[in-house]
Every structure is written in structure tokens, then in C-alpha cells.
A.B. asks: 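The structure that follows is given in the form of C-alpha cells.
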Amino acid sequence: MRRAAHLFTLGFLILWAIYAQIVEPFIMPGPVSVAVRLYEFFTDYHLVKHMFWSFAHIGGAILASFLIGSACAFLVFYLPSFRIMVHGRLSPFLNSFSGIGWTLLAIIWFGVNDFTVMFAISMVLIPFSIINMREGLEAIDREMLEMGASFGRGRWRAFRLLILPALFPFVFATLRISFGVAWKVALTAELFGGDTGLGYLLNLARQDFDMPMILVVIIVIIMFVYSTDRWVFAPVQTRLARHHAALG
């Protein structure tokens with residue numbers, strides 16, 4: 001399997017190099033020129049800072065959307081009278097409105113800045129948090145909560161010792177889904193409403209017909225998303241699966 005993957009990569013690079021010789025460089029540059037530009041990217045502070053700005057936009061938006069979405073889910077859990085408002089109105093509305101729509105509205109409301117980017121990303125991610133946390137809260141064993149109450153546990157102790165541990169897999173799933181979706185929204189938000197970030201850099205490269213830089217931005221995003229999923233999220237998911245299998 002590993003050898004087949006390496007052969008596929010090699011074949012892709014060969015076809016890429018051949019195609020680059022046929023068309024104009026501004027349409028498709030060769031692998032060597034892109035590799036040189038990739039090296040220049042990571043050795044130029046003014047370019048690398050845009051990558052870290054994208055990380056900041058996504059990290060802040062994931063945190064904000066998770067807190068807001070979780071608060072909405074817990075509101076329904078403790079006050080069921082809000083179920084229609086949250087799950088019947090708010091969540092479907094947010095889930096149906098596109099990221100570019102939020103970006104355009106945010107530009108009008110807040111201008112072109114970092115807050116506009118984070119706002120647009122957060123508004124797209126909030127329904128994911130609401131839905132995942134709702135599923136987690138509905139999956140909690142009610143008999144366990146009743147037993148905890150019978151032993152005199154207050155709401156805070158029940159939340160800390162019973163509810164929160166039961167929600168760990170759903171919290172992780174929410175963060176993992178949000179991370180993947182956030183990158184797709186971030187590029188659009190930074191492209192139209194940001195003055196920093198990889199999306200903004202992509203827009204500058206497009207205006208200058210700098211195709212190597214466009215491909216470098218794409219490669220940087222793929223590298224980071226794949227590495228994070230492979231070396232951060234996958235090990236945590238494996239550990240959580242083993243832990244809950246042992247408990248089962």
C-alpha cells in the first residue's frame with residue numbers, strides 16, 4: 001500500500017512536469033518552480049505571518065463558535081422550553097446561510113478586518129456545535145443523572161463529574177468537524193473581507209497572476225490540515241475510542 005502511494009505521487013509529479021512544459025507558466029508552473037517558491041515562502045517573514053494570521057482566525061472562530069453553540073445546546077438541556085427557538089429556528093437558519101453571505105454582511109457591518117473574517121467563520125460553525133452538542137446531551141443516560149441526584153449531587157457536581165465526561169467524544173467530534181470546515185470558510189472570508197491571512201495572500205497572487213504562489217498557498221493549507229488531522233486528531237480519537245471501549 002505504501003509503495004503504491006509513493007508510485008502514485010511520483011506519477012502525479014511526472015504528469016505535472018509534462019503538462020507544465022506544454023502550457024504557459026502563468027497557467028501551470030512546474031514542480032521545481034513551485035518548490036523554490038515554497039522555500040521562499042517559509043524563509044520570508046512577511047509571507048509566513050499570513051499563515052499564522054490564518055491560524056489565529058481559525059482558532060479564534062472555532063473557540064467562539066464552540067462556546068456559543070454549546071451554550072445554546074445547554075440552554076435547551078436545562079430549559080426545554082427553548083427547544084423550538086434553538087433547534088427549530090436558530091440552528092436551521094444558521095445552517096442554511098452560506099459563508100460568503102456572512103462575509104458580505106460582515107464587510108458591510110464591520111469593514112475589512114480580522115474581526116470580519118472570524119465573524120464569518122464563527123457563524124458558519126455555530127450550527128455544527130449546536131447539533132453535535134445536542135446529540136451528546138441527548139445520548140446521556142438519564143438513569144445515571146437520576147442516580148447522581150439521588151446521591152445528593154448538586155447541578156455543578158453532576159455537570160462536572162457526570163455530564164462533562166460523557167460529552168468528551170462529542171466535544172472532540174465538534175472540534176474536528178469545525179476545524180475541517182473552518183479552512184474552507186476562512187479562505188473565502190479572507191479573500192473578500194480580510195487584510196491578512198492566506199486567503200488575502202491568495203487574492204494578491206491572483207491579481208499579479210502569480211501562479212506559483214497560488215499553488216504554494218494551496219500546498220501549505222493541505223500540509224497543515226493533513227498534519228493536524230494525522231498527528232493530533234487521529235491519536236486523540238483512537239485514545240477516546242479505547243477509553244470508552246474499556247468502560248463499555
Side-chain angles (χ1 to χ4, degrees), residues 56-110 114-186 188-189 193 233 236-237 240-241 243-244 247-248:
H57 293 157
I58 290 172
I62 290 176
L63 178 61
S65 62
F66 176 75
L67 293 177
I68 295 173
S70 298
C72 292
F74 277 111
L75 177 66
V76 175
F77 181 73
Y78 287 109
L79 299 173
S81 58
F82 286 92
R83 174 177 294 273
I84 295 179
M85 182 190 76
V86 175
H87 298 318
R89 301 291 184 270
L90 179 62
S91 183
F93 167 72
L94 294 177
N95 205 26
S96 62
F97 202 57
S98 66
I100 191 171
W102 285 118
T103 302
L104 296 177
L105 288 177
I107 292 173
I108 297 172
W109 293 340
F110 312 117
D114 298 318
F115 182 79
T116 291
V117 175
M118 294 178 62
F119 176 84
I121 301 173
S122 299
M123 296 305 291
V124 174
L125 297 183
I126 286 174
F128 290 97
S129 297
I130 294 176
I131 293 171
N132 277 280
M133 297 305 291
R134 178 194 66 186
E135 293 299 321
L137 290 169
E138 291 181 352
I140 294 177
D141 189 352
R142 302 292 174 170
E143 293 183 357
M144 178 186 68
L145 297 179
E146 292 177 0
M147 184 178 299
S150 67
F151 282 105
R153 297 187 183 276
R155 282 197 170 186
W156 168 244
R157 294 191 66 193
F159 173 82
R160 181 168 55 89
L161 300 176
L162 299 177
I163 296 176
L164 193 59
L167 289 177
F168 280 162
F170 296 91
V171 170
F172 172 77
T174 302
L175 296 177
R176 190 171 191 178
I177 293 173
S178 297
F179 180 78
V181 175
W183 275 103
K184 299 177 178 63
V185 183
T188 302
F233 287 117
V236 173
Q237 183 176 9
L240 284 173
H243 175 73
H244 283 272
L247 291 178

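Throughout, numbering of the chain's residues begins at 1 and tracks the sequence.
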A.B. asks: Which pairs with one or both residues in residues 121-131 pass salt bridge (charged side-chain N to carboxylate O under 4.0 Å, His left out), sequence neighbours excluded?
C.D. replies: none

A.B. asks: Flag yes if more than 12 heavy atoms outside L164 fall under 6.0 Å of its CG atom; otherwise flag no.
C.D. replies: yes

A.B. asks: Can you list everything that forms a side chain to side chain donor-acceptor pair (under 3.5 Å) with T116? Sequence neighbours excluded, please.
C.D. replies: N113

A.B. asks: Output all residues satisfying side chain to side chain contact (heavy atoms under 4.5 Å, CB included) with M118, sequence neighbours left out; order by chain, then residue number.
C.D. replies: H57

A.B. asks: Using the side chain to side chain donor-acceptor pair (under 3.5 Å) rule, collect all pairs that involve residues 126-137, keeping only residues at least two apart or in two chains.
C.D. replies: none

A.B. asks: Would you name the heavy atoms of A120 and T103 that are closest together and state the gap between them?
C.D. replies: CB-OG1, 3.5 Å

A.B. asks: Which heavy atom of S96 sits nearest a heavy atom of F93, and at what distance?
C.D. replies: OG-O, 2.9 Å

A.B. asks: With rounding to the nearest 0.5 angstrom, report the CZ to CG distance, F110 to L105.
C.D. replies: 9.5 Å

A.B. asks: What's the separation between atom CG in N95 and atom CD1 in I130, rounded to the nearest 0.5 Å?
C.D. replies: 9.0 Å

A.B. asks: If you take all heavy atoms of I140 and A166, which pair is closest and at what distance?
C.D. replies: CG1-CB, 4.2 Å

A.B. asks: Show me the donor-acceptor pairs, under 3.5 Å and distance only, between side chains in residues 167-183 and residues at least two apart or in other chains.
C.D. replies:
| unit_1 | atom_1 | unit_2 | atom_2 | d |
| --- | --- | --- | --- | --- |
| T174 | OG1 | F170 | O | 2.7 |
| R176 | NE | D229 | OD1 | 3.0 |
| R176 | NH1 | Q237 | OE1 | 2.1 |
| R176 | NH2 | D229 | OD1 | 3.0 |
| R176 | NH2 | D229 | OD2 | 3.1 |
| S178 | OG | T174 | O | 2.8 |

A.B. asks: Output a table of donor-acceptor pairs, distance under 3.5 Å, between side-chain atoms of residues 62-82 and any protein atom two or more places apart or on a different chain; print 'none' if there are none.
C.D. replies:
| unit_1 | atom_1 | unit_2 | atom_2 | d |
| --- | --- | --- | --- | --- |
| S65 | OG | A61 | O | 2.9 |
| S65 | OG | I62 | O | 3.0 |
| S70 | OG | F66 | O | 2.7 |

A.B. asks: With sequence neighbours excluded, give me every salt bridge (charged side-chain N to carboxylate O under 4.0 Å, His left out) pair touching residues 66-76.
C.D. replies: none

A.B. asks: Could you name each residue pair satisfying salt bridge (charged side-chain N to carboxylate O under 4.0 Å, His left out) that touches residues 69-95, not counting sequence neighbours?
C.D. replies: R83-E138

